[in-house]
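Proteins get letters first, then strands, A, B, ... in listed order; numbering begins at 1 in each.
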Protein chains: 2
Amino acid sequence: MATPQIESSGQLPPKDASDGEAFSRWYTTAIRRSELADYFEPVGGTMVIRPYGFSLWENMQAGLDKRFKATGHKNAYFPLFVPESFLRREAEHVEGFAPEVAWVTHAGGEELHERLAIRPTSETIFGHFYSKWIQSWRDLPVLINQWANIVRWEKRTSFFLRTTEFLWQEGHTAHRTAAEAQEETMRMLGVYADFAETELALPVVRGQKTAAERFPGAVATYSIEALMPDGKALQSGTSHFLGQNFAKAFDITFLDQDGARDFVWTTSWGMSTRILGGMIMAHGDDSGLVLPPRVAPTQVIVVPIPTRTEAETEQVVDAVNRLLKELDAAGVRAEADWSDKRPGWKFNEWELKGVPVRLEVGPRDLKNDQVTLVRRDTRAKEQVGVAGAAERIQALLGEVQAGLFERARAFRDENTHTAEDYDTFKNIMENQRGFIRAFWCGSSECEARIKDETRATIRVIPEDAEADGSGVCVYCGQPATTSALFAQSY
Amino acid sequence: MATPQIESSGQLPPKDASDGEAFSRWYTTAIRRSELADYFEPVGGTMVIRPYGFSLWENMQAGLDKRFKATGHKNAYFPLFVPESFLRREAEHVEGFAPEVAWVTHAGGEELHERLAIRPTSETIFGHFYSKWIQSWRDLPVLINQWANIVRWEKRTSFFLRTTEFLWQEGHTAHRTAAEAQEETMRMLGVYADFAETELALPVVRGQKTAAERFPGAVATYSIEALMPDGKALQSGTSHFLGQNFAKAFDITFLDQDGARDFVWTTSWGMSTRILGGMIMAHGDDSGLVLPPRVAPTQVIVVPIPTRTEAETEQVVDAVNRLLKELDAAGVRAEADWSDKRPGWKFNEWELKGVPVRLEVGPRDLKNDQVTLVRRDTRAKEQVGVAGAAERIQALLGEVQAGLFERARAFRDENTHTAEDYDTFKNIMENQRGFIRAFWCGSSECEARIKDETRATIRVIPEDAEADGSGVCVYCGQPATTSALFAQSY
């Protein structure tokens with residue numbers, strides 16, 4: 001008999017975030033065994049998002065899409081193929097993306113005149129159309145988002161975090177003034193932060209990227225950064241102020257109210273399936289996933305407890321069905337596991353899948369008109385009256401959501417250090433990792449050397465950098481221009 | 001000054017369905033001017049779906065997705081890239097699709113060992129994973145759908161109807177028995193028919209394809225066919241019984257309850273943005289689109305009528321805002337056009353965009369506590385009291401939806417002919433077109449000759465073919481095996 005693969009052997013490896021390899025094994029196994037996703041070995045670096053994972057993504061999409069529409073954006077769908085000449089129109093853009101591109105060279109039985117890139121991002125395609133659609137100041141702003149698949153050929157692969165094909169949304173907007181475009185850039189950064197914290201219980205730090213980490217073609221890039229249990233930072237959403245760079249490359253001009261013709265100011269911003277990986281890493285434990293209730297495909301799993309008599313069975317079935325109905329009416333996503341497996345097996349299985357609340361309905365409890373609730377995050381157990389169960393569950397889901405966020409925030413805060421000198425800095429990176437707030441002189445050289453020597457990069461100049469006051473560069477000792485947030489990145 | 005393009009010259013060409021070129025000009029111009037879509041000339045055959053068109057597609061997606069979930073299906077996302085060797089595993093499949101494939105040959109700066117097809121359909125990819133995921137009869141059925149982009153390199157291009165990249169959903173299911181798979185195939189054909197008729201007001205004929213029109217690799221293909229105003233048929237959704245063909249090609253087996261190992265039985269079914277084109281052709285008129293209320297992005301456009309005094313303005317603004325609120329509360333998608341254009345300009349613009357109901361709010365009407373409603377389809381006008389307006393609008397939207405369906409059904413019925421002999425058949429195809437029900441001997445040769453001589457193909461063997469009784473083949477005069485539905489196809 002063949003050796004069973006780790007992921008089907010029943011036991012997860014422990015979530016040991018202090019050991020990179022062990023942590024990665026936990027992550028990969030938890031994702032496979034909970035059936036979130038699977039690798040597609042025949043094409044290295046690609047994956048399938050299975051129904052359970054996709055349902056999670058659908059809930060996340062709904063939460064984001066609602067926010068985009070509330071801020072005036074509309075969805076559209078732009079072409080997958082980017083002619084090579086389009087990429088070349090913006091010098092930094094092609095330099096940044098060309099190495100990762102997948103090229104279509106033949107189609108319909110013929111060799112193409114010009115190679116077509118599978119979109120690695122769509123600034124150029126949007127630019128082409130905006131140049132056609134925008135004529136007058138009356139046409140502005142243009143606020144369009146698309147949900148799409150993206151291809152970037154990556155050497156390393158990790159479920160959700162880094163795959164050659166991934167799903168994302170990309171917003172592309174055009175404005176009359178620099179100020180409006182800058183405001184939009186910051187608005188969408190705020191939308192991402194609110195989404196990550198409210199829906200995914202993922203505390204984030206907002207700020208601006210340095211030149212070294214800027215989006216190719218952008219004037220300024222902002223991101224939200226989340227701290228993972230292994231002390232590395234995950235860039236979880238980016239918002240770019242593109243200035244007039246793409247407007248000039250694609251000749252996007254408008255006639256202003258005063259009759260003058262000018263280039264528009266554009267932005268772009270994106271969040272991808274990558275953040276799903278961040279959410280899994282942040283909240284999961286030795287038993288598997290722990291999903292925030294707001295996005296969990298199943299919020300409550302109802303497990304009927306075995307009975308001895310037909311009368312008891314009838315009682316349990318009735319109670320389960322009544323509770324499912326009440327939960328459904330209350331807008332709670334609940335389902336019952338009626339399979340013929342033992343309760344212990346079911347508990348493990350649904351813990352692995354990260355369902356936030358388990359509802360046990362058994363004959364003994366029912367005798368006292370009670371049922372049992374178990375939280376996935378803390379495993380706290382409570383008995384509640386059948387009549388008040390649905391209401392209690394709604395409250396409990398809110399408590400789990402808040403609890404996950406608080407726990408992640410406490411972890412983030414405990415692992416956010418300050419380093420006034422380089423020895424302290426190196427020491428933290430060697431022994432603890434996490435976020436380090438330190439002063440920086442603004443030179444790319446110091447930034448690069450710190451990276452070479454410690455793996456830490458500047459994740460962002462945090463929004464509240466000024467609160468840190470002034471000091472000297474942690475690397476070179478020259479007067480600092482700002483405080484910066486360092487970490488090793490994913 | 002440059003000559004304005006037709007689509008921006010204010011006037012649509014008339015919808016003259018008797019002249020193919022004129023009809024196509026109407027279709028293309030109506031789509032461009034209403035801002036549903038635009039061509040992407042740099043990559044022939046591709047298009048962008050603009051926000052107005054995409055909003056329509058989102059509403060259609062919601063209507064379909066709801067039906068898929070109600071019939072037990074779950075969504076997932078499978079990889080875009082299909083290795084060439086995958087396509088080759090099913091002989092008919094590769095023969096059918098290879099000529100239309102776009103190939104990725106280089107990626108990440110290197111030439112690939114094996115060419116990758118951009119998915120022209122995903123039976124092979126699903127097959128690969130189903131072979132991994134399905135072990136036992138307990139794993140069956142597997143009922144998965146995905147919403148995805150598809151690439152088929154086409155020479156001809158027409159908005160929505162035929163583009164190299166398009167959006168669709170593809171369902172792929174695996175079953176324990178042939179009977180269950182066959183049942184699923186028919187269930188989904190029924191879902192498509194119900195969706196087309198209920199949501200899009202598009203009457204369809206269901207039936208089975210002949211061998212010549214079968215999906216490459218299927219045992220049986222079923223489709224729904226809609227009759228367009230020019231007398232041509234549009235295949236609007238297909239459902240395939242794949243037998244064990246893909247199960248054998250991808251080794252998808254399961255251990256049955258009795259311990260025997262057997263191949264699963266699979267189905268696949270798809271509906272694409274193409275049906276959006278059918279809906280536009282079926283309902284539009286000389287003034288532009290006419291959208292069925294159930295999927296229209298905006299169901300009611302509120303046009304404030306100019307006022308002479310400030311008191312009047314205040315009255316109109318108040319009434320419009322109150323009505324918008326009431327409509328929103330009633331679940332009606334309404335918006336007001338507050339732009340500074342003349343009412344006549346607005347009427348034309350929103351008629352072009354096909355908004356089902358116009359609500360005019362003016363000072364004269366308001367004096368009598370009234371507003372004016374205008375149906376887009378019949379242009380019938382009515383005055384209603386302000387207090388009852390929201391309720392009346394809800395009913396009116398239902399009337400428009402039913403009216404569009406009835407009109408399309410009457411057209412379909414009037415243009416469904418029977419032909420007992422080939423002269424009649426040819427005569428109909430030359431002078432009227434439409435659907436022709438005629439007896440057929442079952443030979444592919446007769447089918448091919450009829451196509452060569454008249455352009456008519458067998459769209460389907462209709463579900464109710466037996467009701468036609470028996471007869472002789474309309475082409476060769478031999479005893480017929482069935483009645484068939486002929487038409488020239490899109």
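- Put simply, the side chain of B:R50 does not reach to within 4.5 Å of the side chain of A:F129, judged on heavy atoms.
- In this structure, chain B has no heavy atom under 4.5 Å from any part of A:F126.
- If you measure heavy-atom distances from B:E110 to chain A, the contacts under 4.5 Å come from the side chain alone.
- Neither the backbone nor the side chain of A:E114 comes within contact range of chain B; no heavy atoms are under 4.5 Å apart.
- Contacts of B:V82 with chain A are absent, with no heavy-atom separation under 4.5 Å from either backbone or side chain.
- Here the CZ-CD1 distance, from B:F166 to B:I49, works out to 11.5 Å after rounding to the nearest 0.5 Å.
- For the side chain to side chain contact (heavy atoms under 4.5 Å, CB included) with B:F54, the lone residue among A:I144, A:N75, A:N145 that qualifies is A:N75.
- If you tally non-hydrogen atom pairs under 4.5 Å between each of B:K74, B:R115, B:K132 and chain A, the highest count goes to B:K132.
- Proximity to chain B is limited to the side chain of A:L116, based on heavy atoms less than 4.5 angstrom apart.
- For the residue pair B:H93 and B:E95, no side-chain donor N or O sits within less than 3.5 Å of a side-chain acceptor on the partner.
- For a residue to count as touching a neighbouring chain, one of its non-hydrogen atoms must lie under 4.5 Å from one of that chain's; by this rule A:H73 does not touch chain B.
- For chain A, the nearby part of B:E58 is the side chain; its heavy atoms alone come within less than 4.5 Å.
- Both the backbone and the side chain of A:P79 come within contact range of chain B, judged by heavy atoms closer than 4.5 Å.
- Judged purely by atom type and a 3.5 angstrom limit, B:R274 uses its side chain to pair as donor or acceptor with the backbone of B:L161.
- Contacts between B:H113 and chain A at a heavy-atom distance below 4.5 Å are absent for every atom of the residue.
- Only the backbone of B:V101 comes within contact range of chain A, judged by heavy atoms closer than 4.5 Å.
- For chain A, no part of B:R152 is nearby; none of its heavy atoms comes within less than 4.5 Å.
- In this pair, A:F159 and A:Y39 present their aromatic rings parallel. The plane angle is below 30°, not in the 30 to 60° band.
- Contact of B:F40 with chain A is made through backbone and side chain together, with heavy-atom distances under 4.5 Å.
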Could you check B:F86 against B:F250 for ring pair (Phe, Tyr, Trp, His ring centres under 6.0 Å), going step by step and ending with a plain yes or no?
CA-CA 9 Å; B:F86 272 44; B:F250 285 87; 5.6 Å; yes

